[in-house]
K.L.:
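Here you go, one structure.
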Amino acid sequence: MIGFRLAAQKPPEVRRITDDVVMRFEHVYEVDPALMSEHVRQQDFPAWETQRIVDSRWEHLAWMHDHFADSVVSGEELLRELEAED
Amino acid sequence: MAVAALPDTLIGELVAICGEDHVFTGRSALYNRARVPSPFPVHRWDDHVPQAVVLPTSAEQISEVVKLANRHRVPVVPRAGGTGLTDGAVPQRHGIVVDVKLMNRILEIDVDDRTVTVQPGINMLKLSEELKPLGFIYPDNPASYPCSLVGGRIGTSGWSLIGSRFGHTRDLVISFELVLPTGEIVRVGDGGGRKIRKSSTGYQLKHLFMGHQGTLGIVTEATLELVKRPEAEFSAFFAFRDFTSAWRATAELARSGVATLAGVVLFDEWKLEYLRRDDEAYIPQPDWVKAVVAVAAYGLADEVRLGAKRLLRIGRDADGTYLGDEISQGDWASRHDRYATPLHGRTPGGQVVPMSWHCEDASILWSKLPEVRERWHAIAAGLRERFDLFDDWGLFAYTNAAFKPWGDYLTEIDIGIWEQRWDDESWAAWVDAKRELARVAIESGGSISACHGACREGEVDLVPLELGGAFEVMKQIKRTLDPNNVMNPGKYLLDGAYE
């Protein structure tokens, strides 16, 4: 039987980013657990849960863009064009 | 506080009007309609609980409910999405809440004359989803886009993120039908004609019945603009080394003449400090980033690309650094939906606490933004020095005028509040602070509110100061249209109309 085991989904060790922030997955920031010790406690998250939340966020933003226009223009692309024109 | 009991027959009469399944007196139905997201005295929740809730399905039912309330002299409080930020939907005297959420149908789409007629309980996001296959959008776009409703937008005369391109609620609503405080059903527009945008017939009553925070009636139907869906969206976020440079760049961008420009936003140092602490998009930003300016544009693809290039040049020439597509596109998309963001704040010691997001808004002239910013942050600092339950989340300013992005700015200071900790002392301090924030806005030649309305405790005290003699006219209108003071009583100091 294959079941969910938290131990098999253990997130990577934290890396400190700033005085207040740590990181386990690339570009996924977390409040320093030491700052969540008096009034609000951090929860243990399996890796897939963090990934699901991050992916859902991007999906949500794409869905929101789609409410307002058919396409999104890239500023990076336009800046390259501007530099070529200059 | 003692609550006057409802007349014995009233619930039965409400059932006779709306039907048994549409009248509620249970605890959850009542308590959930006591508050809105604006700062609420949770320690005095009982003061604002209605005694009955009805969910009508027609204008005629609402009319009968209002007439019944007049006969019994019972307050009536209109409620749509309940997402307003100035307490319009909060019962001050208990009574009957008329919740319009079941009136959420699209009644007509007129492609030829470009209108869509809806009931007040429909939401803008859902409406635009229905319009998309036809190539249209309804571009009223508050930060509560997924959850606020058309009726509430009219009741508050809402502000739209992309209003500088497409107009705000008042510009996008052509005409609407409402139930007056005495129960008559009327339609108001620029003149007559449900779909007429410009008329010189009679008084301009559309504006009178917008933004009254439910004190002059209940909207039952609205005819709205049907706008061609944009082919393209462009958004760009620029980083600056100091506030003054960002402030000047904001004006350059806003005055650029780019026709597709929908809005310009300025974030100050306090906002950046907050975002760098708690927002994944800004945490990795280097220390030199002290202010940010954002722009957004919508329209035909070729027009947007052309305008976007101009905006990028202006931002670059003003020493702004483009922050990249990920922030520019992601952060902009998230601004349509700020109510879904779970929030936390910090005690002065840095510990995380659960806080609600509250923004205090005003209309401020561009030239006055630096001065107002300093004075507002000083007020927020005073609160934070005294109480752990407040956190200054910074200030932003947003182009405010419809169709012309210059002049005055919707200016907001975001203050995190740990609402579970309210008590009478901290609430009183908050009310004092709100009054002082409003005073700064007026003293700078601005207006107490650009977006939310100004009828909450504290700020409302200064409405007569801002309006001058016009406030007496406002009271006369209220007394004439609502002789029994049943329509959302206790708001905007309008009880003074009956003294």
Side-chain angles (χ1 to χ4, degrees), chain A residues 11 14-43 45 49-86, chain B residues 124-125 128-129 132 135 137 139 141 145-146 162 229-237 262 276-281 283-284 296-299 301 304-305 308-309 311-313 315-316 322-326 328-337 340 344 346-347 349-354 418:
Chain A
V14 298
R15 275 195 291 139
R16 178 159 296 282
I17 301 300
T18 69
D19 289 346
D20 297 337
V21 176
V22 299
M23 181 192 282
R24 297 176 197 273
F25 300 94
E26 201 61 27
H27 300 305
V28 180
Y29 300 102
E30 298 176 27
V31 174
D32 182 345
L35 298 174
M36 298 181 73
S37 56
E38 290 183 20
H39 307 290
V40 176
R41 305 275 179 184
Q42 277 193 334
Q43 301 172 39
F45 263 43
E49 182 74 33
T50 300
Q51 206 57 53
R52 184 190 66 79
I53 291 170
V54 171
D55 287 350
S56 296
R57 180 68 178 154
W58 284 112
E59 195 172 58
H60 173 80
L61 294 176
W63 175 78
M64 193 55 80
H65 279 300
D66 188 57
H67 276 87
F68 290 90
D70 298 333
S71 63
V72 177
V73 175
S74 160
E76 291 174 6
E77 184 185 314
L78 292 181
L79 274 173
R80 283 194 291 273
E81 288 181 21
L82 281 179
E83 283 163 12
E85 290 168 14
D86 287 345
Chain B
M124 280 75 69
L125 180 145
S128 285
E129 284 182 350
K132 182 183 172 187
I137 186 174
N141 179 209
Y145 181 67
I162 50 180
R229 180 177 153 84
E231 290 176 357
E233 169 191 281
F234 169 73
S235 52
F237 282 55
R276 192 180 277 114
R277 187 183 75 189
D278 279 326
D279 186 309
E280 71 273 12
I283 287 168
Y298 291 88
V304 169
R305 285 183 68 85
K309 276 189 167 180
L311 295 169
L312 285 167
R313 272 190 197 282
R316 195 180 59 180
Y322 182 65
L323 282 173
D325 285 357
E326 187 172 319
S328 296
Q329 296 173 10
D331 195 314
W332 179 251
S334 76
R335 301 212 159 258
H336 306 299
D337 185 15
H344 66 261
R346 305 296 179 92
T347 63
Q351 279 291 319
V352 170
V353 292
W418 191 359

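Numbered from 1 within each chain, the chains take letters A, B, ... in sequence-line order.
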K.L.:
Can you confirm whether more than 12 heavy atoms, excluding those of A/Glu59, are under 6.0 Å from its CD atom?
P.N.:
no

K.L.:
How long is the straight-line distance from OH of B/Tyr322 back to CG of A/Leu78, given to the nearest 0.5 Å?
P.N.:
8.0 Å

K.L.:
Looking only at heavy atoms, what is the nearest atom pair of B/Gln351 and A/Leu35, with distance?
P.N.:
OE1-O, 3.0 Å

K.L.:
What are the two closest heavy atoms between B/Ala232 and A/Ala69, and how far apart are they?
P.N.:
C-CB, 3.7 Å

K.L.:
What's the verdict on side chain to side chain contact (heavy atoms under 4.5 Å, CB included) for A/Met23 and B/Ile283, showing C-alpha distance, side-chain angles and the deciding distance?
P.N.:
CA-CA 11 Å; A/Met23 181 192 282; B/Ile283 287 168; over 6 Å; no

K.L.:
Tell me, do A/Glu77 and B/Arg305 make a side-chain contact under 4.5 Å, heavy atoms counted?
P.N.:
yes

K.L.:
Using side-chain heavy atoms (C-beta onward) and a distance below 4.5 Å, is B/Arg316 in contact with A/Asp86?
P.N.:
yes

K.L.:
What heavy-atom pair brings B/Asp325 and A/Gly75 nearest, and what distance separates the two atoms?
P.N.:
OD1-N, 3.1 Å

K.L.:
Between B/Ile162 and chain A, which part of the residue has a heavy atom less than 4.5 Å away: side chain, backbone, both or neither?
P.N.:
side chain

K.L.:
Around atom NE2 of A/His27, are there more than 12 heavy atoms from other residues, nucleotides or ligands closer than 6.0 Å?
P.N.:
no

K.L.:
Taking A/Met36, A/Arg57, A/His67 one by one, which has the highest count of heavy-atom pairs under 4.5 Å against chain B?
P.N.:
A/His67

K.L.:
With under 30° as parallel and over 60° as perpendicular, where do the rings of A/Phe68 and B/Tyr145 fit, or are they tilted in between?
P.N.:
tilted

K.L.:
Apply side chain to side chain contact (heavy atoms under 4.5 Å, CB included) to the pair B/His344 and A/His39, showing each step before the final yes or no.
P.N.:
CA-CA 11 Å; B/His344 66 261; A/His39 307 290; over 6 Å; no

K.L.:
Can you tell if the side chain of A/Leu61 reaches within under 4.5 Å of the side chain of B/Ser334, non-hydrogen atoms only?
P.N.:
yes

K.L.:
So which residue, B/Val352, B/Val353, B/Asp279, ends up with the most heavy-atom pairs under 4.5 Å with chain A?
P.N.:
B/Val352

K.L.:
Above 12 or not: heavy atoms from other molecules or residues under 6.0 Å from CD of B/Glu129?
P.N.:
yes

K.L.:
Can you tell me which of A/Thr18, A/Val31, A/Ile17 forms the most heavy-atom pairs within a distance under 4.5 Å of chain B?
P.N.:
A/Val31

K.L.:
Check each atom of A/Val40 against the heavy atoms of chain B and say whether the ones under 4.5 Å are side chain, backbone, both or neither.
P.N.:
both

K.L.:
Need one label for B/Ala236: side chain, backbone, both or neither, based on atoms under 4.5 Å from any heavy atom in chain A.
P.N.:
neither

K.L.:
Select, from B/Val304, B/Asn141, B/Leu311, B/Asp278, the one with the greatest count of heavy-atom pairs under 4.5 Å involving chain A.
P.N.:
B/Asn141

K.L.:
Measure A/Val21 against the heavy atoms of chain B and call it side chain, backbone, both or neither at under 4.5 Å.
P.N.:
side chain

K.L.:
Do you know which of B/Ser235, B/Pro284, B/Gly299 has the most heavy-atom pairs with chain A at a distance under 4.5 angstrom?
P.N.:
B/Pro284

K.L.:
Would you mind checking which part of B/Lys309 comes under 4.5 Å of any heavy atom in chain A, side chain (CB onward), backbone (N, CA, C, O), both or neither?
P.N.:
both

K.L.:
Among side-chain atoms of A/His65 and B/Glu233, is any donor-acceptor pair under 3.5 angstrom?
P.N.:
yes

K.L.:
What part of B/Pro146 lies closer than 4.5 angstrom to a heavy atom of chain A: side chain, backbone, both or neither?
P.N.:
side chain

K.L.:
If the threshold is 4.0 Å, N to carboxylate O, is there a salt bridge linking A/Asp66 and B/Arg229?
P.N.:
yes

K.L.:
How long is the straight-line distance from CG of A/Asp70 back to NZ of B/Lys132, given to the nearest 0.5 Å?
P.N.:
7.0 Å

K.L.:
Is A/Glu85 close to chain B through its backbone or its side chain, or both, or neither, when contacts mean heavy atoms under 4.5 Å?
P.N.:
side chain

K.L.:
Measure A/Ala34 against the heavy atoms of chain B and call it side chain, backbone, both or neither at under 4.5 Å.
P.N.:
backbone

K.L.:
First locate atom CG of A/Asp20, then atom CZ of B/Arg276, and finally report the distance between them rounded to the nearest 0.5 Å.
P.N.:
11.5 Å

K.L.:
Measure B/Arg346 against the heavy atoms of chain A and call it side chain, backbone, both or neither at under 4.5 Å.
P.N.:
side chain

K.L.:
Less than 4.5 Å apart, any side-chain heavy atom of A/Met64 and any of B/Leu125?
P.N.:
yes

K.L.:
So A/Trp58 and B/Glu326, do their side chains get closer than 4.5 Å, heavy atoms only?
P.N.:
yes

